[in-house]
Amino acid sequence: MTLRKGEKMTISIQEHMAIDVCPGPIKPIKQISDYFPRFPRGLPAAVGRSSALRPAVSQPSVSPAEGPREDDEDVDQLFGAYGTTPAEQPAKSPAPEEVVDPEGYESDDCTTLGTLDFSLLYDQENNALHCTINKAKGLKPMDHNGLADPYVKLHLLPGASKANKLRTKTLHNTLNPTWNETLTYYGITDEDMIRKTLRISVCDEDKFRHNEFIGETRIPLKKLKPNQTKNFNICLEKQLPIDKTEDKSLEERGRILISLKYSSQKQGLLVGIIRCAHLAAMDANGYSDPYVKTYLKPDEDKKSKHKTAVKKKTLNPEFNEEFCYEIKHGDLAKKTLEVTVWDYDIGKSNDFIGGVVLGINAKGERLKHWFDCLKNKDKKIERWHTLTNELPGAVLSD
């Protein structure tokens with residue numbers, strides 16, 4: 001502003017309230033907001049209208065009705081330099097190095113979703129996978145009070161049955177929960193450890209609506225070494241899609257843990273039905289009411305049938321029942337043990353879930369289990385077997 005000789009500077013009250021107090025001559029400005037320009041997030045402190053300005057922490061707010069002003073030219077150039085208006089970017093000097101604001105909402109998933117601390121152990125001898133969920137930190141708020149009601153859900157992939165899913169208890173009103181809870185998958189084989197992946201999801205429980213997803217991580221089981229605990233502290237990620245086109249041949253009807261022992265004292269074969277895991281769901285509620293039947297064939301008199309008790313609403317039942325077949329040891333080589341798992345229904349036919357046949361004509365683990373029993377008298381031998389939905393020569397009706 002230039003003054004003629006002898007002329008006094010006059011300042012209106014509006015201008016007086018917007019005096020720029022930076023070092024130097026007094027300069028009136030049009031609006032008080034000009035003194036507080038809203039720079040983009042991460043703008044370096046060195047860039048601004050004066051060295052006294054600090055980097056702004058809020059997003060730019062521009063009214064569509066406002067036109068460009070000469071006083072705002074420096075601010076517009078700063079916006080252009082950071083990509084808001086690429087056409088206005090000055091070509092004279094390179095943009096300064098961007099400083100990332102770790103507290104900003106634009107940070108990575110570690111900050112926005114949280115981290116999860118857990119450990120995994122594959123017990124090879126007992127065919128079990130132990131998953132210890134320790135704690136989470138900095139979870140994303142999901143409720144109106146700025147907190148969450150988190151729980152952790154496990155899911156073995158591939159596989160979509162409820163039997164593949166385990167979950168922790170729910171902890172209420174916290175973003176930093178500590179569970180210290182161990183969840184165990186039984187019937188895990190070396191083959192599973194090669195081809196399966198463990199999906200770990202953190203969710204928010206809601207009593208009045210559907211539970212909400214917070215974040216997840218996936219661990220290929222081939223990363224684990226047998227009988228060695230591996231600890232993880234991993235940033236949660238956004239929900240990843242599950243491959244719906246996975247090979248249908250990988251679908252299983254479940255697993256069953258069977259023990260065999262030829263007792264010299266009882267002069268018979270002791271068959272133990274210990275437990276099942278990951279059974280297929282047969283009822284509308286997503287579960288089954290399973291029980292197990294065993295036959296020693298050929299069975300001319302039809303007296304070899306044994307049946308366990310029914311376990312209600314479960315896909316991972318424990319039976320711990322043992323049956324005895326009186327038979328000479330030398331005759332076992334001519335016999336076949338047929339084990340089938342059924343879903344009990346009231347008022348209609350029971351549903352076949354799956355079965356397995358052990359004997360001299362079986363293959364793989366089923367043959368090896370039978371052979372080890374014949375070779376080792378008075379020694380109990382336990383093995384997990386995969387249930388199939390077809391049994392050659394079997395009558396699949398209850």
Side-chain angles (χ1 to χ4, degrees), residues 122-130 154-166 184-199 220-222 224 226 246-260 271-282 287-297 308 311 314-321 336-343 350-373 380-396:
Y122 173 47
D123 183 350
Q124 191 176 36
E125 183 179 353
N126 295 310
N127 296 102
L129 176 64
H130 302 289
L154 306 183
H155 184 188
L156 273 179
L157 302 174
S161 73
K162 283 193 175 182
N164 270 333
K165 296 177 183 178
L166 303 174
T184 301
Y185 282 103
Y186 295 98
I188 301 298
T189 64
D190 291 342
E191 182 186 356
D192 292 329
M193 297 301 294
I194 294 172
R195 69 180 181 88
K196 291 205 176 238
T197 296
L198 180 65
R199 179 190 184 200
L221 296 185
K222 60 186 178 183
L224 305 180
E246 61 191 30
D247 188 358
K248 295 298 181 183
S249 66
L250 296 179
E251 289 186 1
E252 299 171 355
R253 310 292 290 181
R255 310 280 177 86
I256 185 167
L257 180 58
I258 301 172
S259 69
L260 297 178
V271 178
I273 304 300
I274 301 172
R275 68 188 307 160
C276 293
H278 317 158
L279 293 180
M282 306 301 290
Y287 293 95
S288 293
D289 301 319
Y291 67 94
V292 179
K293 294 192 301 181
T294 64
Y295 292 90
L296 192 62
K297 295 185 173 182
T308 69
K311 301 296 180 180
T314 178
L315 300 176
N316 298 281
E318 289 189 50
F319 298 100
N320 293 317
E321 295 189 38
T336 297
L337 179 67
E338 182 182 293
V339 181
T340 54
V341 183
W342 298 78
D343 169 53
N350 297 330
D351 298 318
F352 175 70
I353 297 177
V356 62
V357 175
L358 308 180
I360 203 69
N361 296 320
K363 296 180 180 179
E365 283 295 316
R366 293 165 294 161
L367 174 60
K368 188 174 186 300
H369 194 184
W370 189 255
F371 181 75
D372 288 345
C373 171
K380 181 183 288 188
I381 300 172
E382 295 182 0
R383 295 279 166 80
W384 281 96
H385 297 283
T386 300
L387 299 173
T388 58
N389 57 359
E390 290 185 3
L391 296 180
V395 179
L396 299 182

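Contact check for V339 versus L358: no side-chain heavy atoms found under the 4.5 Å cut-off. At least one side-chain heavy atom of L198 sits less than 4.5 Å from a side-chain heavy atom of Y185. With a 4.5 Å cut-off on side-chain heavy atoms, I188 and H278 count as touching. With contacts defined as side-chain heavy-atom distances shorter than 4.5 Å, the pair L154/R199 does not qualify. Considering only heavy atoms from C-beta on, V356 comes within 4.5 Å of I258 through its side chain. Inter-residue side-chain proximity for K293 and N350 is flagged as unmet; no heavy-atom pair is nearer than 4.5 Å. The shortest distance between side-chain heavy atoms of R195 and P158 falls below 4.5 Å.
Proximity of a side-chain donor or acceptor of S259 to a complementary backbone N or O of K380 within less than 3.5 Å is not detected. When atom types are taken as modelled, the side chain of D289 and the backbone of D343 share no donor-acceptor pair closer than 3.5 angstrom. Of the possible donor and acceptor atoms, one in the side chain of R253 sits under 3.5 Å from a partner among the backbone N and O of I353.
To the nearest 0.5 Å, the span separating OG1 on T308 from CD1 on I274 amounts to 13.0 Å. We find the CG-CD distance between D372 and E365 to be 9.0 Å, quoted to the nearest 0.5 Å. Between atom OG1 of residue T189 and atom OH of residue Y122 there is a gap of 6.0 Å, rounded to the nearest 0.5 Å. For the atom pair CG of L129 and NZ of K196, the computed distance is 11.0 Å after rounding to the nearest 0.5 Å. Atoms CE and CG, on M193 and L224 in that order, are 4.5 Å from each other to the nearest 0.5 Å. A distance of 11.5 Å separates CG of D190 from CG of L221, quoted to the nearest 0.5 Å.
Taking the six-membered ring where tryptophan is involved, the planes of H385 and H369 are essentially parallel, since the angle between them stays under 30° and well short of 60°. Ring orientation note: the planes of W342 and Y291 are close to parallel, at an angle under 30° on the 30°/60° scale.
Across every non-hydrogen atom of S288 and M282, the tightest pair is OG-N, 3.0 Å. Among all heavy-atom pairs drawn from L279 and P290, the shortest one is CD1-CB, 3.7 Å. The two residues L260 and W370 come nearest to each other via the heavy atoms CD1-CE3, 4.0 Å. In this structure, L367 and A362 approach most closely via the heavy-atom pair CB-O, 3.4 Å. For Y186 against A277, the heavy-atom pair with the smallest separation is O-CB, 3.6 Å. Minimum heavy-atom separation, L157 to H155: CD2-CE1, 3.5 Å.
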